[in-house]
Amino acid sequence: YRVTLASNATSTTGLALQGDLSFKFVTAGFLSVSSTQPADGVTDVAADSTITVAFNRPVVPLTGEADQDALPQPLVITPTLVGRGTWVNTSLYRFTANNGLAASTTYSVTVAAGLEDTTGGVLAEPHTFSFRTTDPTILRWTPENPANVRIERPISVTFSMPMDPASTEAAFTLLDPDGEPVPGTFNWNADATEVGFKPSEILKFGARYRAGVDAAAKAFNGEGGLREAGEFVFETVKLPRVERVEPATGSERVSPDQTVRIVFASPMNPATFVTDTITILPKPTRVFTYYNDYENALFVDFAKLPATDYSVRLSAKVSDPYGNTLGEDHLLRFRTGDLAPLMQLNNSQQ
């Protein structure tokens, strides 16, 4: 606006202005929302997010924490959330839900028309934005290695957020090799992000099982289910069996320094590898054994003579942790090679 007072205006005594007097001003525009968090239309919003609205000018005066209750609470949230709104500053409002946002849920947030700023400017039209919270996902299965799973070991699933126990348990299945469900019991951690399933029966040896959680499993605080179903196929430990040996049976010219390595198809009980279960001919002076749990491998080390035929017999009595024995002796035969020629000059001076 421009305001002009013409120079022909006079005072009460008849004195005129020396010239026209003019000034201009701009009135304040309408109050508006400048930004929101989450932004309109976004998805995969974390359940612990807050809802924040920034205005283009101050809406409330500077106040202390104790005076917040007297300030306007401008948001209408659908579905309804229980929580607390706080003016972070004069133009920034933040709402925090007491129990977080519900997972797999689309929220609509409206700032109603008529909200006034500190100068009397109003929000002429309601401002509405919406967003969708993230769906729960499966982070991992335990055990992570699907081979040689212990027959008594529980299967557990870890989720990206706390889950609803009832719907998650109903969505979980463990199927045996014939496709029949395996009964069992569930156990949850304190924050409901991990569930363990312990079968009521001992699983079969050397069998393939299929565990799964379908998309009907819901978050603890949410509407929808898992983003996608998850599956974990695993095989239980096999009955004791020698899978391979090093050196291979019948090997020739084996280095006298090479350690004998016996690899089993499944975990074994190291306590059964005693003196009377390992027989070596010709009999060495000393024998050292070491069992590697990670490789399921038994290492047998002893001093070997060159150009000599050796036999290493592993007794049928060695067993796995469940008492299942090898069943029959395993015999390894090999022949060592000659010692490598060696010449060393003694050039030390007295």
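One is the number of the first residue; the rest follow in order along the sequence.
Between Asp20 and Thr4, the side chains place no donor N or O within less than 3.5 Å of an acceptor N or O (distance only, hydrogens not considered). For the residue pair Ser22 / Arg2, a side-chain donor-acceptor distance below 3.5 Å is found, with atom types taken as modelled. Residues Ser104 and Asp135 have side chains that bring a donor and an acceptor to within less than 3.5 angstrom of each other. For the residue pair Trp188/Glu169, the side-chain donor-acceptor check at 3.5 Å is satisfied.
Summarising the geometry, atom CZ belonging to Phe264 is positioned 12.5 Å from atom CD belonging to Glu295; distances are rounded to the nearest 0.5 Å.
Criterion: ILVMFWY side-chain heavy atoms under 4.5 Å apart, direct or through other members. Under it, Phe23 and Leu5 are not part of a common hydrophobic cluster. Placement of Val76 and Val122 in two distinct hydrophobic clusters is found when ILVMFWY residues are connected by side-chain heavy-atom separations under 4.5 Å, directly or transitively. Grouping the Ile, Leu, Val, Met, Phe, Trp and Tyr side chains by contacts below 4.5 angstrom, directly or via other members, places Leu123 with Leu75.
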Going through the distances and angles, do Asn296 and Asp293 end up as a side-chain contact (heavy atoms from CB on, under 4.5 Å)? CA-CA 5 Å; Asn296 299 326; Asp293 289 298; 5.6 Å; no
If you apply the rule side chain to side chain donor-acceptor pair (under 3.5 Å), what do you find for Asn269 with Thr272, and how did you get there? CA-CA 6 Å; Asn269 181 4; Thr272 61; 5.2 Å; no
Please report the C-alpha distance between Arg227 and Asp44 in whole Å, then the side-chain angles of each, then the deciding distance to 0.1 Å, and finally whether the salt bridge (Lys or Arg N to Asp or Glu O under 4.0 Å) criterion is met. CA-CA 10 Å; Arg227 180 174 301 171; Asp44 286 339; 3.0 Å; yes
Candidate pair Phe220 and Met163, rule side-chain contact (heavy atoms from CB on, under 4.5 Å), full reasoning: CA-CA 4 Å; Phe220 184 79; Met163 299 296 290; 5.7 Å; no
Between Ser32 and Asn56, does the side chain to side chain donor-acceptor pair (under 3.5 Å) criterion hold? Intermediate values first, please. CA-CA 6 Å; Ser32 64; Asn56 65 332; 3.2 Å; yes
Does Arg335 form a side chain to side chain donor-acceptor pair (under 3.5 Å) with Thr308? I'd like the steps, not just the answer. CA-CA 5 Å; Arg335 180 176 177 81; Thr308 303; over 6 Å; no
Test side-chain contact (heavy atoms from CB on, under 4.5 Å) on Thr325 and Val318; report intermediate values, then the result. CA-CA 5 Å; Thr325 62; Val318 298; over 6 Å; no
Criterion side chain to side chain donor-acceptor pair (under 3.5 Å) on Glu235 and Tyr209, from CA distance to verdict: CA-CA 6 Å; Glu235 292 186 0; Tyr209 287 82; over 6 Å; no
Test Thr168 against Phe159 for side-chain contact (heavy atoms from CB on, under 4.5 Å), laying out the working first. CA-CA 11 Å; Thr168 304; Phe159 300 93; 3.7 Å; yes
Are Lys198 and Glu152 close enough, and set up right, to give a salt bridge (Lys or Arg N to Asp or Glu O under 4.0 Å), and what steps lead you there? CA-CA 8 Å; Lys198 185 173 180 60; Glu152 80 285 1; over 6 Å; no
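In terms of modelled atom types and a separation under 3.5 Å, the side chain of Thr86 and the main chain of Arg94 share no donor-acceptor contact. Remark: side-chain polar atoms of Thr236 are paired, donor with acceptor, to backbone N or O of Lys204 under 3.5 angstrom. Checking side-chain atoms of Asp320 against main-chain N and O of Asn324 turns up a donor-acceptor pair under 3.5 Å. In this structure, the side chain of Thr133 engages the main chain of Thr105 through a donor-acceptor pair within 3.5 Å. Checked by atom type and distance alone, the side chain of Asn189 pairs as donor or acceptor with a backbone atom of Thr193 at under 3.5 Å. A distance-only check finds a donor-acceptor pair linking the side chain of Thr336 to the backbone of Ala307 [under 3.5 Å]. Remark: side-chain polar atoms of Thr110 are not paired, donor with acceptor, to backbone N or O of Ala112 under 3.5 angstrom. A distance-only check finds no donor-acceptor pair linking the side chain of Thr90 to the backbone of Leu62 [under 3.5 Å]. Within the 3.5 Å criterion, the main-chain N or O of Leu15 finds a donor-acceptor partner in the side chain of Ser11.
Put simply, the side chain of Ile155 reaches to within 4.5 Å of the side chain of Trp141, judged on heavy atoms. Side-chain atoms of His330 and Val245, non-hydrogen and from C-beta on, do get closer than 4.5 Å to each other. Side-chain contact between Thr158 and Ile138 is absent, with no heavy atoms from C-beta onward closer than 4.5 Å. At a threshold of 4.5 Å between non-hydrogen side-chain atoms, the residues Thr142 and Arg153 count as touching. A 4.5 Å side-chain heavy-atom check between Ile151 and Val237 finds at least one atom pair inside the cut-off.
With respect to the salt-bridge test (charged N to carboxylate O, under 4.0 angstrom), the residues Arg84 and Asp69 qualify. Salt bridge Asp176/Arg210: absent, no basic N to carboxylate O contact under 4.0 Å.
Among Tyr291, Tyr290, Phe288, the single residue meeting the ring pair (Phe, Tyr, Trp, His ring centres under 6.0 Å) criterion with Phe273 is Tyr291. Ser311 pairs in a side chain to side chain contact (heavy atoms under 4.5 Å, CB included) with only one of the listed residues (Leu331, Thr279, Ile280), which is Leu331.
Classification of the Phe197-Phe172 ring pair by plane angle, with boundaries at 30° and 60°, yields tilted. Between Phe234 and Phe232, the two ring planes are parallel [angle under 30°; tilted spans 30° to 60°]. Aromatic ring pairs are classed by plane angle as parallel below 30°, tilted from 30° to 60° and perpendicular above 60°; the pair Phe334 and Tyr310 is parallel.
Of all non-hydrogen atoms in Phe131 and Val109, the two that sit nearest each other are CE2-CG2, 4.0 Å.
Applying the 6.0 Å contact sphere to CD of Glu243 captures more than 12 heavy atoms from other residues, nucleotides or ligands.
Annotation: cation-pi pair Lys304/Phe302 present, NZ/CZ under 6.0 Å from the ring centroid and within 45° of its normal.
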